[in-house]
J.: 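Before I ask anything, let me first share the structure, which is written out below as structure tokens.
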Amino acid sequence: MQQHHQIYSFTTNQLLAEAATEAILNSAQRAIAQNGCFKIVLAGGSTPNLIYQLLSQAQADWQNWWIFWGDERCLPVDNAERNSLMAMQAWLEKVTIPAAQIFPIKAELGAKQGVADYQAVAAQYLPFDLVLLGMGEDGHTASLFPGHVHPENEFAHAVYNSPKPPSDRVSLSAAALSNAEQVLFLISGAGKQEPFRQWEQGDDLPVAQIKPENGIKIYADYAALNLA
Ligand code: 6PG
């Protein structure tokens with residue numbers, strides 16, 4: 001695990017979500033005060049859903065938020081498995097972030113087209129202020145999976161044969177995901193104990209490829225940390 005990392009443990013996923021929501025809002029306030037805007041990369045999967053619901057009830061300077069995703073599944077935009085749909089329904093449709101400042105990955109066009117589109121988006125908006133990431137039970141993050149090899153010089157990758165359905169995805173690269181003021185991992189549930197242990201012992205998992213200059217923060221619940 002990266003030298004400079006901070007682990008915050010929470011007895012429940014609810015407390016993790018409440019703390020993560022506060023950290024996101026604080027990060028936004030700082031970025032907007034400094035730069036006039038807040039560029040956040042959203043995590044997919046199920047863990048962030050409660051955080052997005054809490055954000056939908058928060059007061060924030062939404063006019064200055066800019067929304068990106070770390071990865072997307074190659075599915076129609078209205079498919080229930082889309083990472084973008086989950087965030088829209090839980091949060092983004094309920095606040096006043098201008099639509100022109102929300103950048104879903106066009107993975108419905110297929111991995112190749114989706115990458116071409118998001119390569120340009122990333123090139124225009126890097127560095128990010130905050131990147132949210134999950135971790136899968138095999139140590140993947142975003143759609144960067146063990147054993148997958150991607151060209152070094154890409155901001156966005158086409159992913160085929162994903163072990164987590166659907167097979168085809170688009171993912172920001174480890175370099176793009178690391179090009180951020182802050183990176184916050186959100187890890188919940190007993191199923192993450194083994195990959196978390198492997199990561200801590202230094203195994204070369206995709207999560208270990210995320211190495212931002214300022215280090216990483218990990219918000220994990222007791223179930224994931226195997227704490228009583
Ligand atoms: C995806 C996600 C993926 C997710 C992890 C954890 O598209 O599947 O981007 O990287 O963050 O698999 O998922 P859970 O939060 O559902 O455990």
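As the structure lists them, so they are numbered: ligands from 1, and atoms in each ligand from 1.
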J.: CD1/Ile218 to CZ/Phe185 distance, rounded to the nearest 0.5 angstrom?
T.: 7.0 Å
J.: Identify, for atom 13 (O) of ligand 1, the protein heavy atom at the shortest distance, and state residue, atom and that distance.
T.: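 The answer is Lys164 NZ, 3.5 Å.
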J.: Salt bridge or not between Glu200 and Arg197? Use side-chain N to carboxylate O under 4.0 Å.
T.: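 Between Arg197 and Glu200 there is no salt bridge, as every charged N stays at least 4.0 Å from the carboxylate O atoms.
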J.: To which protein heavy atom is atom 1 (C) of ligand 1 closest, and what is the distance rounded to 0.1 Å?
T.: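 That would be Arg73 NH2, 3.2 Å.
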J.: Would you say ligand 1 has an N or O under 3.5 Å from any N or O of Ser143?
T.: no
J.: How long is the span from the CG atom in Asn13 to the OH atom in Tyr222, to the nearest 0.5 Å?
T.: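 One gets 14.5 Å once the value is rounded to the nearest 0.5 Å.
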J.: Under the side chain to side chain donor-acceptor pair (under 3.5 Å) rule, collect the residues that match up with Ser178, sequence neighbours excluded.
T.: none
J.: Quick one: which ligand 1 atoms are inside 4.0 Å of a heavy atom on Gly45?
T.: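 Taking each heavy atom of Gly45 in turn, ligand 1 has 1 (C), 2 (C), 13 (O), 16 (O) under 4.0 Å.
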J.: Looking only at protein heavy atoms, which one is nearest to atom 5 (C) of ligand 1, and how far off is it?
T.: His140 NE2, 3.4 Å
J.: Does any N or O of ligand 1 fall below 3.5 Å from an N or O anywhere on Asn83, backbone included?
T.: yes
J.: Do Gln113 and Asp117 have side-chain atoms, one donor and one acceptor, less than 3.5 Å apart?
T.: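 Checked: Gln113/Asp117 side chains show no N/O donor-acceptor pair below 3.5 Å.
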J.: Taking 4.0 Å as the limit for heavy-atom contacts, which would you say applies to Glu72 with ligand 1: side chain only, backbone only, both, or neither?
T.: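 It is neither part, as no heavy atom is under 4.0 Å.
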J.: Out of Gly136, Ala224, Ala142, whose heavy atom sits nearest atom 10 (O) of ligand 1?
T.: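 The residue whose heavy atom sits nearest atom 10 (O) of ligand 1 is Ala142.
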J.: What residue and atom, counting heavy atoms only, is the protein's closest point to atom 17 (O) of ligand 1, and at what distance?
T.: Lys192 NZ, 2.7 Å
J.: For Asp61 and Gln63: C-alpha separation, side-chain torsions, deciding distance, then whether side-chain hydrogen bond (donor to acceptor under 3.5 Å, both in side chains) applies.
T.: CA-CA 6 Å; Asp61 184 0; Gln63 295 306 309; over 6 Å; no
